[in-house]
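See below for the structure under consideration.
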Amino acid sequence: MTDSIFGKNTPHRVAAKCRELGEEEVRRIVADRSGTPQWLAEAEKWLLQIDRADEKVSQSENLEIARSAKDAAWEAANAARDAAREAKTANTIATLALIAAAIAIAVSIVAVFLT
């Protein structure tokens, strides 16, 4: 590209030109160092703003993912607590059934000897 495409290098005009060219093309121009030093400096500032905005979006998305994971973890913990409570009840019932079976066996043995 020739320097004429860059025109006056005010920050506002450089930003407008960068928006017109698009991020990918501006990155290519900056990487190739094919603009005027002042234009390149302003374009690098523009790209930095784009990167910071992308980073903020990424941080926001990560925060939302973390919140969702936290909510899922709480739900799993509550489900585990409920399952543990039900298992304890089942163990109590099984213990009582075992005691009842032992009593039934004892009564049967006693009945055999009494008859």
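No experiment lies behind these values; they were computed from the predicted model shown.
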Quick one: closest heavy-atom pair of [X] and [Y], and the distance?
| X | Y | value |
| --- | --- | --- |
| V26 | A43 | CG1-CB, 4.0 Å |
| N78 | R81 | OD1-NH1, 2.6 Å |
| W46 | G22 | CH2-C, 4.4 Å |

Task: Residue pair R52, Q49: steps toward the side-chain contact (heavy atoms from CB on, under 4.5 Å) verdict - done: CA-CA 5 Å; R52 285 182 180 156; Q49 289 175 343; 5.6 Å; no
TODO: Run through E42, Q38, E44, K45 and flag the one making a side-chain contact (heavy atoms from CB on, under 4.5 Å) with V14.
DONE: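 Only one option passes, and that is E42.
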TODO: Please check if F113 and I105 belong to a single hydrophobic cluster, counting links between Ile, Leu, Val, Met, Phe, Trp and Tyr side chain heavy atoms closer than 4.5 Å.
DONE: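 Cluster IDs for F113 and I105 match.
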- [ ] Treating Ile, Leu, Val, Met, Phe, Trp and Tyr as nodes and any side-chain heavy-atom pair under 4.5 angstrom as an edge, say whether L98 and V107 lie in one connected cluster.
- [x]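 Different clusters.
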How long is the span from the [atom1] atom in [X] to the [atom2] atom in [Y], to the nearest 0.5 Å?
| X | Y | atom1 | atom2 | answer |
| --- | --- | --- | --- | --- |
| L63 | S68 | CG | OG | 9.5 Å |
| L40 | D32 | CG | CG | 10.0 Å |
| T89 | R85 | OG1 | CZ | 8.5 Å |
| Q59 | E61 | CD | CD | 11.0 Å |
| C18 | L47 | SG | CG | 6.5 Å |

Open item on the list: Going by the rule side-chain hydrogen bond (donor to acceptor under 3.5 Å, both in side chains), which residues pair with E23 if we only count those two or more places apart in sequence or in a different chain?
Closed with: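 E23 satisfies side-chain hydrogen bond (donor to acceptor under 3.5 Å, both in side chains) with R27 only.
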